Amino acid sequence: MSYKIIRVGKWQLVVAALFAFGVQLAFANNAPLVSGSYQVVQDTTLGSQAQIRMRIHLVNHGSFNLSIQRMTLWDFSHPDKGGTHACAVAVRAHASVETTQEFTIRRSDYQLWQKGLRPRFVLQMTGPGNTKSKAVVRLDRISGQEAK
């Protein structure tokens with residue numbers, strides 16, 4: 001009888017280990033390919049618009065190099081014309097890069113950032129074999145005082 005309990009216990013252990021491994025894989029697949037942070041280094045009010053210069057720190061968590069070709073600042077219902085532009089930023093696999101970009105957005109949107117809303121970027125990029133992809137990156141504010 002105790003042999004039967006041990007045998008059943010082994011199968012329960014195997015099932016539990018497979019479940020735990022599956023959960024780990026699910027979380028690994030949900031990890032973002034690119035993450036980032038930002039710091040506003042300059043802002044200028046232009047009527048109802050705000051022109052902001054941002055220092056952006058991007059981290060590539062993937063195992064291949066990325067070439068970012070377009071950044072779109074997409075926080076609200078639609079991007080402003082000044083919220084998207086072409087760029088050429090290369091991020092090596094498992095590495096990070098800093099870039100400074102300038103955007104013109106609605107002043108009211110910028111004021112929401114100052115209250116804690118995190119900006120969101122849509123990055124259009126190419127990966128291995130010139131495969132095109134998009135990544136949505138929710139940027140964290142770099143702690144400390146903003147340089148203005």
Side-chain angles (χ1 to χ4, degrees), residues 9-148:
K10 283 183 186 178
W11 280 110
Q12 289 175 343
L13 183 62
V14 168
V15 169
L18 288 174
F19 177 76
F21 181 69
V23 168
Q24 274 187 325
L25 282 177
F27 282 126
N29 288 339
N30 289 335
L33 177 63
V34 180
S35 65
S37 56
Y38 78 100
Q39 179 179 23
V40 175
V41 294
Q42 181 181 7
D43 64 12
T44 306
T45 301
L46 307 168
S48 64
Q49 304 287 316
Q51 186 175 37
I52 56 171
R53 180 172 291 149
M54 301 170 64
R55 182 177 305 124
I56 304 164
H57 180 85
L58 296 172
V59 180
N60 179 357
H61 300 284
S63 57
F64 49 86
N65 298 340
L66 297 174
S67 174
I68 300 170
Q69 298 172 328
R70 181 170 293 281
M71 286 186 177
T72 303
L73 187 55
W74 195 293
D75 265 336
F76 307 96
S77 60
H78 62 283
D80 291 329
K81 289 182 181 177
T84 185
H85 67 279
C87 62
V89 177
V91 190
R92 294 194 178 277
H94 303 292
S96 63
V97 68
E98 282 201 11
T99 181
T100 300
Q101 302 291 327
E102 195 168 287
F103 298 94
T104 302
I105 62 172
R106 289 178 287 211
R107 189 175 59 178
S108 60
D109 294 346
Y110 180 56
Q111 289 169 342
L112 289 173
W113 287 13
Q114 293 170 320
K115 293 178 182 176
L117 184 70
R118 293 168 44 202
R120 180 177 53 186
F121 277 100
V122 177
L123 305 176
Q124 293 179 12
M125 51 197 164
T126 57
N130 287 332
T131 57
K132 296 188 183 290
S133 64
K134 289 185 180 181
V136 177
V137 180
R138 187 63 85 169
L139 298 177
D140 293 317
R141 181 183 231 163
I142 295 173
S143 52
Q145 293 286 359
E146 290 184 14
K148 292 192 179 188

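Since the model is a prediction, treat every value here as computed from it, not as a measurement.
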Enquirer: Are S37 and H57 packed together at the side-chain level, in the sense that at least one heavy-atom pair is separated by less than 4.5 angstrom?
Expert: yes

Enquirer: Does F103 have its ring centroid less than 6.0 Å away from the ring centroid of Y110?
Expert: no

Enquirer: So does S48 get a backbone contact from the side chain of R106, meaning a donor-acceptor N/O pair under 3.5 Å?
Expert: no

Enquirer: Within the 4.5 Å heavy-atom criterion, are S96 and V91 side-chain neighbours or not?
Expert: no

Enquirer: Is there a side-chain contact between L139 and R120, using heavy atoms and a 4.5 Å cut-off?
Expert: no

Enquirer: Nearest 0.5 Å please: distance from the CZ atom of F64 over to the NE2 atom of H94.
Expert: 9.5 Å

Enquirer: Using side-chain heavy atoms (C-beta onward) and a distance below 4.5 Å, is C87 in contact with R70?
Expert: no

Enquirer: Regarding R107 and Q49, is there a side-chain donor-to-acceptor distance under 3.5 Å anywhere?
Expert: no

Enquirer: Can you tell if the side chain of M71 reaches within under 4.5 Å of the side chain of I56, non-hydrogen atoms only?
Expert: yes

Enquirer: Give, for atom CZ of R118 and atom OH of Y38, the distance between the pair rounded to the nearest 0.5 Å.
Expert: 9.5 Å

Enquirer: Looking at L73 and P119, what are the two nearest heavy atoms and their distance?
Expert: CD1-CB, 4.0 Å

Enquirer: Once rounded to the nearest 0.5 Å, what's the spacing between atom CD1 of I68 and atom CG of L123?
Expert: 4.5 Å

Enquirer: Roughly how far, to the nearest 0.5 Å, is CD1 of I52 from CH2 of W113?
Expert: 3.5 Å

Enquirer: Is it the case that the side chain of N60 and the backbone of V34 share a donor-acceptor pair, with hydrogens and angles ignored and the cut-off at 3.5 Å?
Expert: no

Enquirer: Kindly indicate, with the supporting measurements, whether the criterion side-chain contact (heavy atoms from CB on, under 4.5 Å) is fulfilled by T72 and K134.
Expert: CA-CA 11 Å; T72 303; K134 289 185 180 181; over 6 Å; no

Enquirer: For the side chain of N65 and the backbone of A93, is there at least one donor-acceptor N/O pair under 3.5 Å apart?
Expert: yes

Enquirer: Testing the 3.5 Å rule here: is there a donor-acceptor pair between the side chains of S35 and H61?
Expert: yes

Enquirer: Roughly how far, to the nearest 0.5 Å, is the CE atom of M125 from the CG atom of L33?
Expert: 5.0 Å

Enquirer: Is the shortest side-chain heavy-atom distance between E98 and V89 below 4.5 Å?
Expert: no

Enquirer: If I take atom OG1 from residue T100 and atom CD from residue Q42, how far apart are they, to the nearest 0.5 angstrom?
Expert: 11.0 Å

Enquirer: Would you please name every residue forming a salt bridge (Lys or Arg N to Asp or Glu O under 4.0 Å) with R53, sequence neighbours left out?
Expert: E102

